[in-house]
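Remember, it's 1-based here, ligands and their atoms both numbered in the order they're listed. These values consider heavy atoms only, across backbone and side chains, with no hydrogens, waters or symmetry-generated copies.
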Amino acid sequence: MKMGLLWKLLVLQSFIGCLAESTTPLRPVFVKQPGSIVFPMHSTETRREVTFSCEAQGYPPPSYRWRLNDSFIAPRLGSRYSFSGGNLQISHLNKEEDVGIYQCLASNSLGTILSREASLHIAYLDNFKTQKRSPVRVRDGQGVVLLCGPPAHMGDLTFSWIFNAYPTFVKQDTRRFVSQKTGNLYIAKVEPSDVGNYTCVVTNTVTKSSVQGPPTPLVLRSDGIMGEYEPKIEVQFPEVISVAKGQTVKLECFALGNPAPSISWKRVEGVPFPRKVDVNKASGVLEIPYFQPEDAGVYECVAENARGKNAVKGKLAYYAPPQLTEKPQDLQRPIDESVVWECKASAKPKPSYRWLKNGEPLEPMENKLQVVNGALTISSLTLMDAGMYQCVAENRHGRVFTNAELRVIGKTGFFLP
Ligand SMILES: *[C@@H]1O[C@H](CO)[C@@H](O)[C@H](O)[C@H]1NC(C)=O
Ligand SMILES: *[C@@H]1O[C@H](CO)[C@@H](O)[C@H](O)[C@H]1NC(C)=O
């Protein structure tokens with residue numbers, strides 16, 4: 001430890017005077033925990049490094065270890081990992097070895113605590129592999145789908161299509177639609193002016209890089225024109241979509257047909273749309289900002305033209321990662337007594353609970369240790385039970401950690417370290 005810090009601690013403790021002995025141990029408490037990182041990998045990038053931060057207070061000053069996907073990272077000379085204080089720095093990042101879940105552990109003589117989980121992702125966008133695409137032949141009045149087939153990537157993508165040559169892009173209207181989920185281009189009803197070459201442009205929103213696919217020529221067949229026909233929905237949203245609290249959800253819906261179908265949106269059973277949704281502006285895309293529990297339900301998209309109509313439905317389900325509502329507090333108990341620690345979190349779906357002691361999972365033991373609805377009971381305390389305890393509340397959308405210390409004291413009231 002640094003002399004300066006020790007000095008300050010001693011000065012502080014002499015201030016506290018008779019309240020605390022200068023050797024009173026203090027449990028480790030996180031003051032900084034690692035956060036998730038998405039690292040944008042550019043082909044030209046030379047400094048490929050990230051730092052996860054971690055800092056804990058306590059006395060004696062905590063020491064640190066790190067885990068990647070539940071295995072400890074061994075500090076080795078000349079490795080790509082370097083440790084400074086509680087921080088972990090990784091250099092020469094590569095997606096095969098470094099992508100995963102990181103956690104920091106801080107320990108002193110009173111026990112060990114485990115930090116929240118931080119993920120590392122590496123965002124990238126490869127080039128298209130196919131060199132050439134064969135022409136797509138359609139009749140005048142027919143509907144068509146041009147596939148984008150984006151290359152391997154990590155990170156959100158956006159899509160657009162070049163018509164013939166840059167900078168002429170396909171303009172979206174009631175007849176033409178570009179799906180931001182698949183990148184495909186839909187033309188409800190082809191007109192002679194649509195003939196030409198179409199190139200999909202893929203942009204990674206994290207790395208900001210773009211790549212172009214091979215052009216697809218669209219040609220008109222000369223064996224007659226297509227008559228009018230009823231709408232057929234080609235772009236639709238999944239039957240069930242889980243949406244987190246506060247997220248913005250976008251539902252896509254687009255139909256082929258002649259005449260070009262119009263798209264409208266409904267909520268089933270007559271439930272009105274939330275006021276924040278502009279249904280009139282939503283043609284092929286319905287956007288619901290800041291999703292709340294009352295926005296959950298069944299949504300319907302209807303495509304209509306003079307020949308008929310086609311509808312699809314999908315359910316938006318609300319979910320929320322766990323948030324703590326009741327945290328265990330530090331406790332001091334005499335030998336032979338018992339402790340009950342409550343731990344509660346709100347979440348949808350309902351959270352499950354487990355407990356850690358000094359960073360390791362606690363297994364229930366008959367007549368000694370039980371976890372019921374999140375509450376931990378330890379009976380017949382011994383000095384061995386002292387340490388740092390953490391409640392973990394989780395559902396499939398997230399996980400939260402709390403921590404608290406258990407001190408076990410002799411019956412006479414003396415503190416036994
Ligand atoms: C960590 O786990 C994730 C998910 O299982 C996996 O994709 C990743 O490759 C793992 N990372 C390492 C370094 O093993
Ligand atoms: C489409 O691309 C091909 C090959 O590059 C070219 O021969 C053709 O003239 C292009 N068509 C149009 C309408 O630009």
Tell me, please, which residues at least two apart from E230 pass salt bridge (Lys or Arg N to Asp or Glu O under 4.0 Å).
none
So, using salt bridge (Lys or Arg N to Asp or Glu O under 4.0 Å) as the criterion, who are the partners of D70 when residues are at least two apart?
R67
Contact region, V99 to ligand 1, non-hydrogen atoms below 4.0 Å, reads backbone
Against the six-membered ring of Y299, is K313 placed for a cation-pi contact (under 6.0 Å from the centre, within 45° of the normal)?
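Checked: cation-pi criterion not met.
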Among all the protein's heavy atoms, is there at least one whose distance to [atom] comes out below 4.0 Å?
atom: atom 4 (C) of ligand 2; value: no
atom: atom 7 (O) of ligand 1; value: no
atom: atom 14 (O) of ligand 2; value: yes

Using a 4.0 Å cut-off to any heavy atom of G196, which atoms of ligand 2 qualify?
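Contacts of ligand 2 toward G196, numbered from 1: 13 (C).
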Please determine if D194 and R175 form a salt bridge, counting it only when a charged side-chain N lies under 4.0 Å from a carboxylate O.
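Looking at D194 and R175, the cut-off is met.
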List the closest protein heavy-atom neighbour of atom 2 (O) of ligand 1: residue, atom name, distance to the nearest 0.1 Å.
N69 ND2, 2.4 Å
For atom 10 (C) of ligand 2, tell me which residue out of N197, N164, T216 has the closest non-hydrogen atom.
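The nearest heavy atom belongs to N197.
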Taking the six-membered ring for Trp, are W161 and Y166 ring centroids under 6.0 Å apart?
no
Would you mind listing which atoms of ligand 1 come within a distance below 4.0 Å of any non-hydrogen atom of E97?
13 (C)
For the CG atom on N373, are there more than 12 heavy atoms of other groups (residues, nucleotides or ligands in this structure) within a distance under 6.0 Å?
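No - once you tally the heavy atoms of other residues, nucleotides and ligands closer than 6.0 Å, there are 12 at most.
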